[in-house]
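Here is the naming used below: chain letters follow the sequence lines, and residue numbers restart at 1 for every chain.
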2 protein chains.
Amino acid sequence: MGNQKLYKGSLQTIILKLLETNDKMYGYEITQHVKELTKGELQITEGALYPALHKLEADGLLAVEVAKVGNRLRKYYKLTESGTKETANKLEEMQEFLKTMQHLVNPKFSME
Amino acid sequence: MGNQKLYKGSLQTIILKLLETNDKMYGYEITQHVKELTKGELQITEGALYPALHKLEADGLLAVEVAKVGNRLRKYYKLTESGTKETANKLEEMQEFLKTMQHLVNPKFSME
DNA sequence: TTTGATGCATAGAATTCTTAGGTATAAATA
DNA sequence: TATTTATACCTAAGAATTCTATGCATCAAA
């Protein structure tokens with residue numbers, strides 16, 4: 001996932017957030033979407049993405065739907081009910097984390 | 001380090017930033033300082049902190065100065081010259097990361 | 001006098017991601 | 001038409017970082 005270790009730990013949250021916004025997506029689509037959204041800053045590697053998707057599925061947060069496009073298959077992922085709840089939790093945690101880090105590294109611009 | 005994996009990858013930057021602001025600090029002091037600054041949100045564990053300090057020292061970013069206080073010793077760490085430069089780099093990367101993540105998880109509040 | 005705070009440290013496990021492959025179809029280009 | 005690039009899935013081995021669980025020792029407070 002990119003070259004920056006800062007993103008370590010945030011992949012699940014990123015995936016869940018994308019699926020909250022876009023309803024259903026397939027793996028390759030996610031990598032391209034993130035690349036565009038971040039102007040190339042963040043490149044999710046497939047070696048990180050697919051295991052992450054499988055784990056989210058195994059944990060019951062995502063459901064899969066296989067589609068055939070031409071002669072190739074795509075695996076569309078979407079949030080389950082508990083996935084939607086967990087997404088809300090994870091986004092809250094992420095906001096808290098971002099606020100805390102902002103405060104730590106740049107106290108001037110994060111006064112409350 | 002707390003229970004949140006989101007902080008994975010940001011420990012070095014946190015340490016460097018603290019030393020940039022406070023000139024010199026010892027390990028235990030760092031844990032307490034972060035705990036206060038984050039109102040308990042982030043608790044750096046010693047099992048994460050000390051190896052991190054040793055690595056930063058080995059990489060030439062920190063210099064150590066042992067002090068005796070009463071009958072106990074403290075190891076004060078401070079930035080070296082290259083440590084100061086690297087701190088600037090890491091803080092820039094962190095700002096970029098925070099901006100990117102904010103944009104990803106909450107596009108509404110991160111328009112430019 | 002025993003607990004809690006201070007202060008250092010390491011070893012092993014767990015987690016996450018990177019690197020480096022593998023397979024295959026479709027489109028573009030040389 | 002042959003080859004490269006893009007699309008689309010996947011996994012295994014290793015690196016890197018952190019957590020959990022220890023250990024040792026001093027000092028203050030209960």
Side-chain angles (χ1 to χ4, degrees), chain A residues 1-16 24-36 40-59 62 64-77 90 93-94 97 101, chain B residues 1-16 24-36 38 40-59 61-62 64-77 90 93-94 97 101:
Chain A
M1 171 169 191
N3 43 357
Q4 291 194 231
K5 62 183 179 184
L6 291 177
Y7 290 92
K8 236 174 211 276
S10 47
L11 179 55
Q12 279 195 9
T13 306
I14 292 171
I15 294 171
L16 293 174
K24 77 176 187 184
M25 300 182 84
Y26 57 99
Y28 187 77
E29 189 183 12
I30 291 176
T31 65
Q32 300 308 304
H33 210 85
V34 169
K35 199 167 151 190
E36 278 175 39
E41 240 260 315
L42 176 53
Q43 307 229 12
I44 299 178
T45 62
E46 298 180 326
L49 178 69
Y50 290 112
L53 286 173
H54 299 161
K55 182 174 186 347
L56 288 170
E57 186 194 351
D59 290 346
L62 299 186
V64 192
E65 183 192 320
V66 179
K68 236 188 158 185
V69 177
N71 231 347
R72 265 191 300 206
L73 56 81
R74 281 181 191 165
K75 291 175 82 172
Y76 280 98
Y77 289 89
K90 285 209 184 295
E93 280 173 24
M94 177 59 76
F97 162 70
M101 281 308 305
Chain B
M1 165 171 197
N3 45 357
Q4 291 195 228
K5 62 184 178 183
L6 291 178
Y7 290 92
K8 238 175 211 270
S10 47
L11 179 55
Q12 279 195 8
T13 305
I14 292 172
I15 293 172
L16 293 174
K24 77 178 185 181
M25 300 182 84
Y26 55 99
Y28 187 77
E29 190 183 12
I30 291 175
T31 65
Q32 300 308 303
H33 211 84
V34 169
K35 199 166 149 189
E36 279 174 39
T38 66
E41 240 260 316
L42 177 52
Q43 309 229 10
I44 299 179
T45 63
E46 300 181 321
L49 179 68
Y50 290 113
L53 287 172
H54 299 161
K55 183 175 185 347
L56 288 170
E57 187 194 351
D59 290 348
L61 305 184
L62 298 186
V64 192
E65 183 192 323
V66 179
K68 238 190 155 185
V69 178
N71 231 347
R72 264 189 302 203
L73 56 81
R74 282 181 192 164
K75 292 176 82 171
Y76 280 97
Y77 290 90
K90 284 208 185 293
E93 280 175 23
M94 177 59 77
F97 162 70
M101 280 307 306

When rounded to the nearest 0.5 angstrom, what is the spacing between CD1 in A/Ile44 and CG in A/Leu42?
5.0 Å

Mind checking if B/Lys55 touches a base, just sugar-phosphate, or nothing, with heavy atoms under 4.0 Å?
sugar-phosphate

Tell me whether the OP1 or OP2 atom of D/dA16 has a side-chain N or O from B/Lys8 closer than 4.0 Å.
no

Starting from C1' on D/dA16, measure out to CD on B/Gln12 and report it in whole angstrom.
10 Å

Please determine whether a side-chain nitrogen or oxygen atom of B/Lys5 lies at a distance below 4.0 Å from atom OP1 or OP2 of C/dT16.
yes

Rounded off to whole Å, could you give me the CG-to-P distance for the B/Leu56 and D/dA16 pair?
15 Å

Which heavy atom in B/Leu53 sits nearest to a heavy atom in B/Gly27, and how many Å separate them?
CD1-CA, 4.1 Å

Nucleotide-resolved protein contact map, nucleotides 3-10 of chain C, B/S/- at heavy-atom distance under 4.0 Å
--SBSBBB

Could you tell me if A/Lys24 sits above the aromatic ring of A/Tyr76, with its cationic atom closer than 6.0 Å to the ring centre and no more than 45 degrees from the axis?
yes

How many Å lie between CD1 on A/Ile14 and P on C/dT16, as a whole number?
14 Å

Calculate the interatomic distance between B/Phe97 atom CZ and C/dC17 atom C1'; express it in whole Å.
14 Å

Within this structure, what is the CG-to-P distance between B/Leu6 and D/dT17, rounded to whole angstrom?
17 Å

Considering only heavy atoms from C-beta outward, does the side chain of B/Leu16 approach that of B/Leu62 to under 4.5 Å?
yes

Are A/Tyr77 and A/Glu65 side-chain neighbours, meaning at least one heavy-atom pair lies under 4.5 Å?
no

Would you say the side chain of A/Lys5 lies within less than 4.5 Å of the side chain of B/Gln12, judging by non-hydrogen atoms?
yes

Spacing of A/Ile30 atom CD1 relative to D/dT7 atom P, expressed in whole Å:
15 Å

Is the centre of the A/Phe97 ring less than 6.0 Å from the centre of the B/Tyr7 ring?
yes

Measure CG/A/Leu49 against C1'/D/dA12 and give the value in whole Å, please.
17 Å

What's the CG-P distance between A/Leu42 and C/dT16, to the nearest Å?
17 Å

